[in-house]
Amino acid sequence: MNIWTVAREYAGIAEAGGVKNVTRSLSESLVRSGEKVTLFIPLYGCTDLSAVEDFCCCWHRPVKIQVCGREMTISFSHGRRNGVEIVFIGNRAFSEKQAVYTYTEEEEAENPAHRKGQGHEDAQFLNTLFQKAVVAYGETCAKEENPAIIHCHDATAAMLAVFVHFARKENKTLASVYRHTRFVVTIHNAGAGYHHEYSSLDSAVYFTGLDRDFLAQGLNGACVEPFVLASRFACLTTVSPQYAEEIMAGSTDTGGLSPLFARDRVKVTGITNGVDCGRYNPADTSVSLLPAAFDIAAGDFDGKYACRSHFLTVFADRNATLPARNASVRRYGFLAAGAEEAVYIAYHGRVVRQKGISILAAAARRILENGMNARFIFLGQGERELEGELEQLSQAFPGSVVYFKGYDRALSRLCMAAADIAVFPSNFEPCGTEDFIAQLYGSLCLAHATGGLRKIIDGETGFLYEPNDTETLAGFLSSLIRIAGQAGKEIFHPMLAYTARYITANYSWDKVASEKYRPLFRSLLGDY
């Protein structure tokens with residue numbers, strides 16, 4: 001099969017959220033399985049080309065497309081990475097952006113209206129330009145490049161199937177190129193705020209240039225939904241079977257998508273994301289970035305506790321500054337020295353309401369007020385109000401709470417390796433990948449029983465709880481702290497070793513690609 005992967009982000013090239021890891025890992029796994037994969041991604045000002053092989057800045061001929069009534073020139077560049085062909089979409093609208101979706105501190109300095117962390121004011125223009133440019137690439141294709149499958153990742157690429165449908169009617173060349181192409185659109189997050197919807201019907205007409213009556217079929221209140229329109233021409237998937245069930249049942253926050261899918265009898269297929277075990281392998285410090293090696297699957301925990309000792313050596317001093325390599329992170333609070341016998345509890349992820357941060361912060365406060373021998377580690381960034389809650393928590397319990405605001409890959413892995421328990425109190429969760437990492441690093445997972453977190457097998461590969469409130473979480477967490485404290489943390493070692501083996505055997509990306517995605521793609525192609 002010739003597969004096109006279409007995404008606004010890709011790990012190691014242009015990074016933003018969790019989509020970057022899925023697009024890269026799945027693409028590379030499909031290549032290893034024998035498929036030809038071509039990634040389409042904008043060429044941003046922040047694009048990292050250091051690991052791109054054979055980069056060619058002029059690839060095929062430029063094309064002209066219409067967006068918002070304006071003629072735009074699109075150029076194409078080309079490269080390769082780990083067997084994946086890469087086509088970079090070039091236009092000044094992308095090259096002037098210093099981050100994938102939001103403005104940076106440098107851009108705010110140049111223009112105070114572009115506040116750091118704020119979404120690009122021309123986001124819908126960028127999404128439309130990108131997708132129309134991918135369609136137009138077909139005008140320059142050699143026959144061997146024609147795609148059998150176009151896999152569109154998230155709402156920023158969901159309209160591609162729609163644009164191709166109408167382009168087939170108007171352009172004989174494109175009709176030939178895309179004659180047998182089938183489309184898959186993966187919903188990485190159906191929650192409100194992740195739809196990249198057009199703000200009104202007039203806006204949708206303006207950006208897309210498509211028929212008003214057709215666009216009206218995607219109305220969700222006043223907005224026009226790319227996912228709803230895409231469902232006319234594409235197979236919709238999401239990142240776990242559990243989340244797919246919740247979307248179709250309307251039992252999770254979808255910002256109004258569930259009733260529209262029910263109205264149109266849209267099926268959403270769930271395929272659980274995999275994990276690149278090799279990239280996190282704790283037995284190899286060159287890839288794990290940890291200060292000591294260990295092998296949880298083999299029952300070797302010594303290196304894990306050596307990582308904790310290193311963590312405490314660095315962060316036990318309330319006045320110590322973060323190492324220069326962690327310059328993007330700011331620390332609040334500290335962990336008191338001599339607390340090796342405490343039970344360490346970690347959260348790493350986005351600091352947003354979806355993740356249940358306030359529930360966890362309140363549970364931590366209750367546990368510490370009760371004098372339990374626990375230490376809490378938080379790492380992440382997001383909503384300012386929630387960041388403030390974690391800052392205040394670290395100040396209220398000096399020596400027992402540390403909060404790292406920001407993101408650093410090595411530090412995030414060290415936090416998880418240092419922990420006995422990793423907590424995931426998400427209000428809803430499409431899949432979750434941090435639980436995979438925690439399990440590979442020998443941390444016991446405690447998660448709200450929602451969405452993709454339900455891939456944790458309760459009592460076997462971790463623990464699930466519900467309802468998602470402070471009392472329930474604090475009670476369950478307190479019980480785990482007592483067990484670990486009284487009987488010794490090693491009581492969980494057999495369970496953790498089994499879990500690490502289970503994750504490696506069942507959730508590697510190579511397994512997911514070969515046993516889930518390839519059969520799905522082939523079923524869509526039928527006899528072609």
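Quick caveat: nothing in here was measured; it's all calculated off a predicted structure.
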Enquirer: First locate atom CG of Leu520, then atom CZ of Arg518, and finally report the distance between them rounded to the nearest 0.5 Å.
Expert: 12.5 Å

Enquirer: Is any side-chain heavy atom of His348 less than 4.5 Å from a side-chain heavy atom of Tyr407?
Expert: yes

Enquirer: When you look at Ser29 and Asp510, which way does the side-chain hydrogen bond (donor to acceptor under 3.5 Å, both in side chains) test go after all the steps?
Expert: CA-CA 5 Å; Ser29 292; Asp510 284 353; 2.8 Å; yes

Enquirer: Measure from the ring center of His165 to the ring center of Phe233 and say whether it is less than 6.0 Å.
Expert: yes

Enquirer: On the 0 to 90° scale, with breaks at 30° and 60°, tag the Phe130-Phe94 ring pair as parallel, tilted or perpendicular.
Expert: perpendicular

Enquirer: Please determine whether side-chain hydrogen bond (donor to acceptor under 3.5 Å, both in side chains) holds for the pair Glu35 and Ser33, giving the CA-CA distance in whole Å, both sets of side-chain angles, and the decisive distance to 0.1 Å.
Expert: CA-CA 6 Å; Glu35 309 295 356; Ser33 72; 4.7 Å; no

Enquirer: How about Phe88 and Phe55: are their ring centres within less than 6.0 Å of each other?
Expert: yes

Enquirer: Taking atom CD as the centre, does Glu105 end up with more than 12 heavy-atom neighbours from other residues, nucleotides or ligands that are less than 6.0 angstrom away?
Expert: no

Enquirer: Tell me which one of Val162, Val6, Ile150 satisfies side-chain contact (heavy atoms from CB on, under 4.5 Å) with Phe183.
Expert: Ile150

Enquirer: Determine yes or no for a side-chain-to-main-chain donor-acceptor pair under 3.5 angstrom, with Asn2 supplying the side chain and Asn146 the backbone.
Expert: yes

Enquirer: Could you tell me whether a side-chain N or O of Tyr103 sits under 3.5 Å from a main-chain N or O of Glu121, the two making a donor and an acceptor?
Expert: yes

Enquirer: Checking ring-ring contact (aromatic ring centres under 6.0 Å, His included) for the pair His151/Phe521: CA distance, chi angles, key distance, verdict?
Expert: CA-CA 9 Å; His151 190 177; Phe521 294 161; 5.8 Å; yes

Enquirer: Counting heavy atoms not belonging to Arg384, are there more than 12 under 6.0 Å from its CZ?
Expert: yes

Enquirer: Using the ring centroid of each side chain, check whether Phe214 and Phe166 are separated by less than 6.0 Å.
Expert: yes

Enquirer: Starting from the C-alpha separation in whole Å, work towards a yes-or-no answer on side-chain hydrogen bond (donor to acceptor under 3.5 Å, both in side chains) for Ser200 and Tyr206.
Expert: CA-CA 10 Å; Ser200 67; Tyr206 174 68; over 6 Å; no

Enquirer: For the backbone of Val100 and the side chain of Arg8, can you confirm whether one donor and one acceptor N or O come within less than 3.5 Å of each other?
Expert: yes

